[in-house]
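Counting starts at 1 for both ligands and their atoms, in listed order.
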Amino acid sequence: MTERHTPRVVPLVDQRSAVLAMPAAGSRIVATGSLIDQRARPLRDLRISVTDRCNFRCNYCMPKEVFDKNHLYLPHSALLSFEEITRIAKVFVAHGVQKIRLTGGEPLLRKNIESLIEQLAMLRTPEGHALDLTLTTNGSLLARKARALKAAGLQRVTVSLDGLNDAVFRSMNDVDFPVAEVLAGIEAAREAGLGPIKINMVVKRGSNEHEILPMARHFRGSGIVLRFIEYMDVGASNGWRMNDVLPSSEVVKRIHAELPLVQLDPSQPGETAERWGYADASGQHDRTLGEIGVISSVTQAFCGDCNRARLSTEGKLYLCLFASTGYDLRTLVRDHAATADLESAIGHIWQDRNDNYSESRSAQIDDSAPAQRRVEMSYIGG
Ligand code: SAM
Ligand code: SF4
Ligand code: SF4
């Protein structure tokens, strides 16, 4: 049964206008594809938020009480245009980015998103490879859009789905959206060839934890990778409490008790999910049954090889999901900065990066402290 907590939401502190000063133009940095930060982490993954709007009101991300009819979304003129996004993305790719994820807000709400995908799909790494181009969506518009997204050059999708039980799902999205439509979207994505498909389930203790096993049973052997995400203290509006977090170790334990699991090696450096494969009768990984992932950003820090940068809807560059301020790349682009200047600025920003929020806070998590001034996930994307 779904249990609804009295929402403990926190009024939004608008961090969108806060900007970090661009690094002083020191020596010029030319893109070589091998940039590293202060902790020797390369730049490989760029997440681009294409809209700050969403048709869902998941209470861990955009609680209704905060994102109500009075909430001021960004005006269209503030958003990066597709040409501006592509120009910036191209510089990131020259610096070593191999994977681009479109996100939001709900990215499929951005008009003509297919046209942005077409432009990004043309980019090539310095070695001449196509990018790993993907998108995270709540799946509500996927049934309608899957074929067009594939035709535009999108390779795969990650769909967020917090339960299979219709009542639980409706209460998690908080706009009464039926689960059947998201399941139809996942099917359409599969038929369109947008794979391998991943499913993200945010687990909130007391809200959807009873959906863990039904979800595991449903996707086991389907070729779709289900990933359980610990409810994170991102943003400042969701009233996060440690008590609401169900540790990934507990998720693995519950699934393993019914469907035996074996731990798998990471498939690539910087991977956010720990992988567990379904075991056969002899305790070996049975590939036909597939695997699950757990993302333990609260209970097990993984900043050590974090190679992700985030570009907000209005063109600010954030170096960490938990950052409170970003670097204003939109002004550079709209001031007609030369590509070499953009390249050098991004190079300096990444070289100076030292963020390791999850590691530094995991020792002492204090949810009685006032919410810090962090940007919202719907603004910089997941
Ligand atoms: N609207 C799209 C969606 O829901 O897939 C894309 C944007 S959403 C911000 C990206 C991902 O962040 C989703 O998988 C969502 O579940 C996750 N997310 C949002 N708030 C979170 C939180 N507080 N803790 C953990 N994951 C969160
Ligand atoms: Fe919207 Fe995604 Fe946030 Fe849910 S998690 S409110 S679907 S942006
Ligand atoms: Fe990367 Fe920041 Fe998350 Fe650490 S807390 S893994 S630096 S995004």
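The aromatic rings of Phe67 and His71 sit tilted relative to each other, their planes meeting at an angle between 30° and 60°. Ring geometry for Phe177 against Phe56 counts as tilted: the plane angle lies between 30° and 60°, on a 0 to 90° scale. A parallel orientation is assigned to the rings of Tyr357 and Phe322, their planes being inclined by less than 30° (bins at 30° and 60°).
Interface atoms of ligand 1 facing Ile229, defined by a heavy-atom separation under 4.0 Å, are 25 (C), 26 (N). Ligand-side atoms of ligand 3 in range of Arg310: 8 (S), range being under 4.0 angstrom from any heavy atom. Those atoms of ligand 3 with a heavy atom of Arg308 less than 4.0 angstrom away are 1 (Fe), 6 (S). For ligand 1 and Glu106, the ligand atoms under 4.0 Å from any heavy atom of the residue are 1 (N), 2 (C). Against a heavy-atom cut-off of under 4.0 Å, Thr103 is close to the following atoms of ligand 1: 6 (C), 7 (C). Remark: ligand 1 atoms within the under-4.0 Å shell around heavy atoms of Val202 are 16 (O), 25 (C), 26 (N), 27 (C). Interface of Asn138 with ligand 1, defined as ligand atoms under 4.0 Å from a residue heavy atom, comprises 2 (C), 3 (C), 5 (O). Of all atoms in ligand 1, listed by their number and element, those nearer than 4.0 Å to a heavy atom of Asn200 are 14 (O). Applying the 4.0 Å criterion to heavy atoms of Gly104 picks out, from ligand 1, the atoms 7 (C), 9 (C).
Ion pairing between a basic and an acidic side chain is recognised when a charged N comes within 4.0 Å of a carboxylate O; Asp166 and Arg170 show such pairing. The pair Arg190-Glu187 meets the salt-bridge criterion, since a charged nitrogen lies less than 4.0 angstrom from a carboxylate oxygen.
Considering backbone and side-chain N/O atoms, Met232 comes within less than 3.5 Å of an N/O atom of ligand 1. At a 3.5 angstrom cut-off on N or O pairs, Gly105 counts as close to ligand 1. Checked by distance only, ligand 1 and Tyr60 come closer than 3.5 Å through their nitrogen or oxygen atoms. In terms of polar-atom proximity, defined here as any N/O pair under 3.5 Å, Ser160 does make such a contact with ligand 1.
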Intermediate values then yes/no, salt bridge (Lys or Arg N to Asp or Glu O under 4.0 Å), Arg28 and Glu343: CA-CA 9 Å; Arg28 180 168 287 283; Glu343 207 171 281; over 6 Å; no
Begin from the C-alpha positions of Met232 and Met377 and carry the test side chain to side chain contact (heavy atoms under 4.5 Å, CB included) through to its verdict. CA-CA 10 Å; Met232 287 187 285; Met377 189 111 156; 4.1 Å; yes
Evaluate side chain to side chain contact (heavy atoms under 4.5 Å, CB included) for Gln263 paired with Glu274, printing each intermediate quantity in order. CA-CA 8 Å; Gln263 191 161 5; Glu274 183 182 290; 3.4 Å; yes
Might you work through the side chain to side chain contact (heavy atoms under 4.5 Å, CB included) test for Thr136 and Leu102, ending with a clear yes or no? CA-CA 6 Å; Thr136 303; Leu102 299 179; over 6 Å; no
Can you list the steps and then say if Met215 with Ile199 is a side chain to side chain contact (heavy atoms under 4.5 Å, CB included)? CA-CA 10 Å; Met215 289 278 285; Ile199 305 289; 4.1 Å; yes
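A 4.5 Å side-chain heavy-atom check between Thr103 and Val50 finds every atom pair outside the cut-off.
Every heavy atom of Ser297 sits 4.0 Å or more from the atoms of ligand 1. Using a 4.0 Å heavy-atom cutoff, Glu230 is listed among the residues neighbouring ligand 1.
Cation-pi geometry between Arg220 and Tyr278 is met: under 6.0 angstrom from the ring centre, within 45 degrees of the axis.
Side-chain atoms of Asp37 and Asn307 include no donor-acceptor pair closer than 3.5 Å. Under 3.5 Å, the side chains of Thr331 and Asp328 contain a donor-acceptor pair of N or O atoms. Checking Ser282 against Gln284 by side-chain atom types alone, no donor-acceptor pair falls below 3.5 Å. In this structure, a donor-acceptor pair under 3.5 Å is absent between the side chains of Thr51 and Glu106. In this model, a donor atom of one side chain and an acceptor atom of the other lie less than 3.5 Å apart for Ser49 and Thr313.
Counting heavy atoms only, Met377 comes closest to atom 17 (C) of ligand 1 of the residues Arg227, Met201, Met377.
Contact annotation for Thr136 and ligand 1: heavy atoms of both the backbone and the side chain come within less than 4.0 Å of the ligand. Neither the backbone nor the side chain of Val159 comes within contact range of ligand 1; no heavy atom lies under 4.0 Å. Contacts between Met232 and ligand 3, counted as non-hydrogen atom pairs separated by less than 4.0 Å, are absent for every part of the residue.
Of the candidates Arg41, Lys99, Arg44, Arg47, Arg47 is the only one forming a side chain to side chain contact (heavy atoms under 4.5 Å, CB included) with Arg308. For the side chain to side chain contact (heavy atoms under 4.5 Å, CB included) with Ile48, the qualifying choice from Ile85, Leu135, Ile88, Leu116 is Ile85, the only one to do so.
For atom 4 (Fe) of ligand 3, protein N, O or S atoms under 2.8 Å: 1 in total.
Inside a sphere of radius 2.8 Å centred on atom 3 (Fe) of ligand 2, the protein N/O/S atoms present are Cys61 SG.
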